[in-house]
Trainee: 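A single structure is presented below for examination.
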Number of protein chains: 2
Amino acid sequence: MSKPINDSTYWRDFEKNDITHSAAHYLMAIDALRGEFGYARVTDVAEMLEVSRGAASMSISQLKKRGWVAEDPHRFLLLTDEGHQMAVLVEQNFRILSKFFEEVLGVSPETALSDACKMEHLMSLETGRRLVWLMRYILSDESRAAKIHDVMSRFRPGCESVDHCPLCDGGECLTPLGEDCEYHKGAQGKAKKS
Amino acid sequence: MSKPINDSTYWRDFEKNDITHSAAHYLMAIDALRGEFGYARVTDVAEMLEVSRGAASMSISQLKKRGWVAEDPHRFLLLTDEGHQMAVLVEQNFRILSKFFEEVLGVSPETALSDACKMEHLMSLETGRRLVWLMRYILSDESRAAKIHDVMSRFRPGCESVDHCPLCDGGECLTPLGEDCEYHKGAQGKAKKS
DNA sequence: TCTCTTTGTTTAGCATAGCAAACTTATGTT
DNA sequence: AACATAAGTTTGCTATGCTAAACAAAGAGA
């Protein structure tokens, strides 16, 4: 059985991502400041993100070089079309992920927001669109949404299916730590050991 | 309306994550090499991850300092209990995410693997468990799984619900770029502009 | 034993990304 | 004009994490 996780073909995609976590938040901060106050300066961005003016200055100058940030006639910071597109994409991913975690999975708000914030800049457009699609299907129907919410509200670490796990059936075990499934606790002996 | 995405309370959680993407892959490589060949050396890890021996040497010495990697009596690399736990957690998240993306959302295999690889070390245990729980619910029932697969197989960028979006209703728009929903294209004028 | 290869470490340089502090360049007030 | 404050940049430092190259050490064969 192949183990794609150990394949070196794409593990470094992480470094080659379109945008870094930090850059995304600089863009979103500029976007938010202009939306709220009508302008954004280096100092305002630094204050919002709680970084030093020096750090903000350096990061923003890189964003200017990349063509994501410019200055308006009053020398205030401005997102270019491309920069705005990036900001909106990441904001969109954040909302999709946090809504999915909170309203579908029933994850606690703090964890949902923290997880979504970490992953927002990494989720592809394709995956994001399909996640919206799934949520649209699940949440648009009253009884379907209620059923999912009922199922997820009963979540606890511990699974009843001991004889046969319908999820991992045939494939690699999804809970090798055996934390939430009696079946996997028993099956752990079969797992690889190093 | 509050915008948690612009709140500086947790955006830097990204830096303070338990494990980095790179570290996770070093641990998983050692785990995989020992599982496959019974031993792991710096050179083997470097080869598997396609990094220089120097880079592997430096990274692994940091992992030793953190108590995640040790050496066996033959001086081969070894994961400590804590290191193994970390590796298994990340591997587990990878399998959960890639399976969800591919088998539930219907994302293309390449994108599913790439996205999962980028997010594997960032998803919390709570979110991961609940995602397994959701998949267990969706995929355990034949007709339910078939229905979801049918819905997702019809995915395309473009949404029929023009008058009313059941997903974003009342909250912030999840597709502000208006790419896959006629409703949002029309509503875009209402969105913030910077 | 001597030499060559393999293995592993170290060093210098690069990029991101932060802090603190020094410095420059406004702006604004007396 | 002179000074003080505010705003922005630059420098020296930290850390991760990579490359390339130099270097040290260990093993294997003639």
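Values below: every heavy atom of this structure, side chains too, minus hydrogens, waters and symmetry copies.
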Trainee: Do the side-chain N or O atoms of A:Ser22 get closer than 4.0 angstrom to the phosphate oxygens (OP1, OP2) of C:dT16?
Mentor: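 Checking C:dT16 against A:Ser22, no side-chain N or O comes under 4.0 Å of OP1 or OP2.
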Trainee: Can you tell me the distance, in whole Å, between the NZ atom of B:Lys65 and the C1' atom of C:dT9?
Mentor: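 B:Lys65 atom NZ is separated from C:dT9 atom C1' by 13 Å.
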Trainee: Considering just the side-chain nitrogens and oxygens of B:Gln62, establish if one lies under 4.0 Å of OP1 or OP2 belonging to D:dG17.
Mentor: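 Answer no for this pair, as no side-chain N or O of B:Gln62 is under 4.0 Å from OP1 or OP2.
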Trainee: Any salt bridge between A:Glu82 and A:Arg66, counting N to O under 4.0 Å?
Mentor: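 No, A:Glu82 and A:Arg66 are not salt-bridged.
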Trainee: Once the angle between the rings of A:Phe14 and B:His21 is folded into 0 to 90°, is it parallel (under 30°), tilted (30 to 60°) or perpendicular (over 60°)?
Mentor: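 Parallel: the ring planes of A:Phe14 and B:His21 meet at under 30°.
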Trainee: So, OP1 or OP2 of D:dC18: does either fall under 4.0 Å of a side-chain N or O from B:Tyr26?
Mentor: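 So the side chain of B:Tyr26 is within the cut-off, an N or O lying under 4.0 Å from OP1 or OP2 of D:dC18.
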Trainee: Using a 6.0 Å distance limit plus a 45 degree cone around the ring axis, check whether B:Arg144 lies over the aromatic ring of B:Tyr137.
Mentor: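 Geometry flag: set, cation within 6.0 Å and 45°.
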Trainee: Measure CD/B:Glu15 against C1'/D:dA15 and give the value in whole Å, please.
Mentor: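 Between C1' of D:dA15 and CD of B:Glu15: 11 Å.
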Trainee: Can you name the closest pair of heavy atoms from B:Ser57 and B:Val42 and give their distance?
Mentor: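 Smallest interatomic distance, heavy atoms only, reads N-CG1, 3.9 Å.
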Trainee: How is A:Phe76 classified with respect to the nucleic acid when contacts are heavy atoms under 4.0 Å: base, sugar-phosphate, or nothing?
Mentor: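 Since no nucleic acid heavy atom lies under 4.0 Å of A:Phe76, the category is nothing.
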Trainee: Figure out the CG/P separation between B:Leu77 and C:dT7, and round it to whole Å.
Mentor: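 The distance from CG of B:Leu77 to P of C:dT7 comes to 13 Å, rounded to the nearest Å.
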Trainee: A:Asp44 CG to D:dG8 C1': how many Å, rounded?
Mentor: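 Atom CG in A:Asp44 sits about 12 Å away from atom C1' in D:dG8.
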Trainee: Which nucleotide, D:dT19, D:dG8, C:dG8, lies nearest any side-chain atom of B:Val51?
Mentor: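 Nucleotide nearest to B:Val51's side chain: D:dT19.
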Trainee: Is any side-chain nitrogen or oxygen of A:Ser57 closer than 4.0 Å to OP1 or OP2 of D:dT10?
Mentor: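 Result: no.
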Trainee: D:dA15 C1' sits how many Å from A:Met58 CE, rounded?
Mentor: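 My rounded result for the distance is 15 Å.
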Trainee: Does B:Ser52 reach a base, just sugar-phosphate, or nothing at all? Heavy atoms under 4.0 Å.
Mentor: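 The answer is base, as B:Ser52 lies within the cut-off (heavy atoms under 4.0 Å) of a base atom.
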Trainee: Reading DNA chain D from 5' onward, which residue's closest nucleotide shows up sooner: A:Glu71 or B:Ala23?
Mentor: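 Checking each residue's closest nucleotide, the 5'-ward one belongs to A:Glu71.
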Trainee: Looking at C:dG18, D:dA7, D:dT9, which one has an atom nearest to any side-chain atom of A:Ala55?
Mentor: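 My answer, after comparing the listed nucleotides, is C:dG18.
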Trainee: Scan nucleotides 22-27 of chain D nucleotide by nucleotide, 5' to 3', and note B when protein non-hydrogen atoms come under 4.0 Å of the base, S if they reach only the sugar-phosphate, - if neither.
Mentor: ------
Trainee: A:Ser59 side chain N/O closer than 4.0 Å to the phosphate oxygens (OP1, OP2) of C:dT16?
Mentor: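 The answer is no; no side-chain N or O of A:Ser59 sits under 4.0 Å from OP1 or OP2.
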Trainee: Base, sugar-phosphate, or nothing: which does B:Phe14 touch, judged by heavy atoms less than 4.0 Å apart?
Mentor: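 Here B:Phe14 touches no strand at all.
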Trainee: Touch check for B:Thr20, heavy atoms < 4.0 angstrom, all strands: base, sugar-phosphate only, or nothing?
Mentor: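 Sugar-phosphate, no base atom in range.
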Trainee: Taking the minimum atom-to-atom distance to the side chain of B:Val42, which one of D:dC18, C:dT9, C:dT11 wins?
Mentor: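 Of the candidates, C:dT9 comes closest.
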Trainee: Is the phosphate of C:dT16, meaning OP1 or OP2, less than 4.0 Å from a side-chain N or O of A:Arg66?
Mentor: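 Checking A:Arg66 against C:dT16: at least one side-chain N or O falls below 4.0 Å of OP1 or OP2.
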Trainee: In whole angstroms, how far is the C1' atom of C:dA26 from the CZ atom of A:Arg75?
Mentor: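 My rounded result for the distance is 10 Å.
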Trainee: Report the nucleotide, chosen from D:dC18, D:dA7, C:dC19, that has the shortest atom-to-atom distance to any side-chain atom of B:Arg12.
Mentor: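 Nucleotide nearest to B:Arg12's side chain: C:dC19.
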Trainee: Out of the candidates B:Glu91, B:Met86, B:Met48, only one should pair with B:Met28 under the side-chain contact (heavy atoms from CB on, under 4.5 Å) rule; please name it.
Mentor: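 The option that passes is B:Glu91.
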Trainee: With nearest nucleotides of DNA chain C determined for B:Gly54 and B:Arg41 from heavy-atom distances, which residue corresponds to the more 5′ nucleotide?
Mentor: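 Upstream on the strand: B:Arg41.
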Trainee: In whole angstroms, how far is the C1' atom of C:dT7 from the CD1 atom of B:Ile60?
Mentor: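 Spelled out: CD1 on B:Ile60 to C1' on C:dT7 is 12 Å.
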Trainee: When the distance from NE2 of B:His21 to C1' of C:dT16 is rounded to whole Å, what number comes out?
Mentor: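 Between C1' of C:dT16 and NE2 of B:His21: 16 Å.
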Trainee: Any idea how A:Trp11 and B:Tyr26 line up, ring-wise: parallel (<30°), tilted (30 to 60°), or perpendicular (>60°)?
Mentor: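 Perpendicular: the ring planes of A:Trp11 and B:Tyr26 meet at over 60°.
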